[in-house]
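Keep in mind that this is a model prediction, so the values were computed, not measured.
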Amino acid sequence: EAKKRGRNSYEFYTNTLDRQSLKKLKMESELRTALDRGELFLVYQPVHNLCTGQLQGAEALIRWNSRHFGLVSPADFIPLAEETGLIIPIGEWVIRTACRQLNIWQTLGQPIQSISVNLSISQFYQHNLAGMIESILQETGVHPSHVTCEITESMTMDTDNVAAVLHSLKSLGVSISIDDFGTGYSSLSYLQKLPIDTLKIDQSFVRDIAVNESAEKIATTIILMAHHLGLHVVAEGVETAEQLQILRDYRCNAAQGYLLGRPVPPDEFFPKNFPVSL
Ligand code: C2E
Ligand code: MG
Ligand code: MG
Ligand code: MG
């Protein structure tokens with residue numbers, strides 16, 4: 001009896017695996033042509049300066065509206081894009097689209113200074129990332145000081161290559177931000193070696209900042225450390241007024257989160273009736 005059940009559950013297991021790898025194959029082939037079909041788009045989440053209360057910028061976040069799978073989360077297709085190398089054309093498209101959008105907003109006189117884009121580790125191995133970004137800046141008329149490249153803390157462990165590319169990005173004049181700070185399991189020594197401008201406190205610490213003393217201590221210590229190092233600090237995932245107040249009290253420079261604004265398509269980012277001044 002046990003043997004029979006064992007065999008059944010084995011078959012069930014392999015069937016499940018097959019279905020998963022088939023889905024992955026299908027997703028890969030769909031992703032290959034998603035850009036050409038216009039299925040990828042960017043949504044923008046506001047970043048507010050906590051000192052002035054004003055909007056300072058937006059983070060561009062990718063979305064995939066697949067004809068086959070429907071809306072796919074970046075958490076599900078960015079790893080696949082990295083595995084297949086598709087992140088190279090997709091990543092370039094993200095930077096170009098975000099820069100074009102910033103230029104449109106600035107031309108319309110909308111009150112926004114900067115745009116942030118997320119970079120993958122594979123992009124640090126592509127030929128001449130800084131040159132590619134430089135061309136996009138020229139083509140779109142965006143000033144380099146208005147662009148921030150977000151990298152995750154784990155990418156800093158790949159020190160030699162990442163340091164060289166980050167220095168070339170810094171010479172272009174774009175800013176560098178460490179995303180999901182505090183979750184990367186990496187030593188802090190990179191903070192001395194790499195040309196970093198901003199730390200983004202991971203949303204896991206922000207989520208518990210008002211209810212859990214150790215999360216509050218971690219978040220506020222990150223703010224103090226960033227300021228001692230002369231870095232800016234942005235809090236991610238702010239959902240309540242109480243979280244925002246604590247971050248303000250500790251002089252966190254900026255914040256992002258559902259409380260201040262969800263990621264939205266560009267035509268919803270500013271109120272429709274905003275006076276257009278060309
Ligand atoms: P991230 O860069 O850390 O982005 C923050 C994520 O938190 C976004 O998820 C955002 O929608 C979500 N978020 C913002 N505010 C709140 C909040 O108040 N509460 C909660 N619970 N969540 C909030 P999203 O858009 O699903 O993106 C997930 C991750 O996918 C991003 O994390 C980033 O690592 C990656 N990603 C997104 N777009 C791109 C891209 O263009 N290129 C690359 N390489 N990665 C991207
Ligand atoms: Mg980010
Ligand atoms: Mg993050
Ligand atoms: Mg994240």
Tell me whether [Y] is reachable from [X] by hopping between hydrophobic residues (I, L, V, M, F, W, Y) whose side-chain heavy atoms are closer than 4.5 Å.
{"X": "L224", "Y": "L199", "answer": "no"}
{"X": "V94", "Y": "L80", "answer": "yes"}
{"X": "L119", "Y": "M157", "answer": "no"}
{"X": "V43", "Y": "W64", "answer": "no"}
{"X": "V206", "Y": "Y258", "answer": "no"}

Non-hydrogen atoms of [X] and [Y] that approach each other most closely:
{"X": "F269", "Y": "A58", "value": "CZ-CB, 3.7 Å"}
{"X": "T221", "Y": "K217", "value": "OG1-O, 2.6 Å"}
{"X": "Q123", "Y": "I88", "value": "CA-CD1, 4.0 Å"}
{"X": "A254", "Y": "V47", "value": "CB-CG1, 4.0 Å"}
{"X": "I201", "Y": "A219", "value": "CD1-O, 3.9 Å"}
{"X": "E150", "Y": "S116", "value": "OE2-CB, 3.4 Å"}

Euclidean distance, [Y] [atom2] relative to [X] [atom1], rounded to 0.5 Å:
{"X": "D197", "Y": "L231", "atom1": "CG", "atom2": "CG", "result": "7.5 Å"}
{"X": "E239", "Y": "L244", "atom1": "CD", "atom2": "CG", "result": "12.5 Å"}
{"X": "T33", "Y": "E39", "atom1": "OG1", "atom2": "CD", "result": "7.0 Å"}
{"X": "Y190", "Y": "E153", "atom1": "OH", "atom2": "CD", "result": "3.5 Å"}
{"X": "N118", "Y": "I95", "atom1": "CG", "atom2": "CD1", "result": "10.5 Å"}
{"X": "R96", "Y": "I136", "atom1": "CZ", "atom2": "CD1", "result": "4.5 Å"}

Within-4.5 Å side-chain heavy-atom neighbours: [X] and [Y]:
{"X": "S120", "Y": "I90", "value": "no"}
{"X": "E236", "Y": "D180", "value": "yes"}
{"X": "V142", "Y": "I115", "value": "no"}
{"X": "Q256", "Y": "V238", "value": "no"}
{"X": "K24", "Y": "E28", "value": "no"}
{"X": "H146", "Y": "L102", "value": "yes"}
{"X": "I87", "Y": "Q126", "value": "no"}
{"X": "M27", "Y": "V72", "value": "yes"}

Just checking [X]: does its [atom1] atom have more than 12 heavy atoms from other residues, nucleotides or ligands closer to it than 6.0 angstrom?
{"X": "E268", "atom1": "CD", "result": "yes"}
{"X": "H232", "atom1": "NE2", "result": "no"}
{"X": "Y250", "atom1": "OH", "result": "no"}

Go through Y44 and I112 one step at a time and tell me if the side chain to side chain contact (heavy atoms under 4.5 Å, CB included) criterion holds.
CA-CA 12 Å; Y44 297 85; I112 181 168; over 6 Å; no

Is there a side chain to side chain contact (heavy atoms under 4.5 Å, CB included) between L194 and I176 once you walk through the steps?
CA-CA 9 Å; L194 300 178; I176 310 295; over 6 Å; no

For E30, does its backbone N or O pair with a side-chain atom of R37 as donor and acceptor, under 3.5 Å?
yes

Test item: E216 side-chain N/O and V211 main-chain N/O as donor-acceptor pair under 3.5 Å:
no

Yes or no on side chain to side chain contact (heavy atoms under 4.5 Å, CB included) for Q243 and L259, after CA distance, side-chain angles and deciding distance?
CA-CA 10 Å; Q243 293 165 345; L259 178 72; over 6 Å; no

Candidate pair R32 and T84, rule side chain to side chain contact (heavy atoms under 4.5 Å, CB included), full reasoning
CA-CA 9 Å; R32 243 169 238 295; T84 53; 4.1 Å; yes

Can you spot which of T156, V174, I151 makes a side-chain contact (heavy atoms from CB on, under 4.5 Å) with L166?
I151

Would you mind telling me which of S73, P79, P74 makes a side-chain contact (heavy atoms from CB on, under 4.5 Å) with F77?
P74

Does the side chain of H68 pick up a donor-acceptor pair with the side chain of S66 at under 3.5 Å?
no

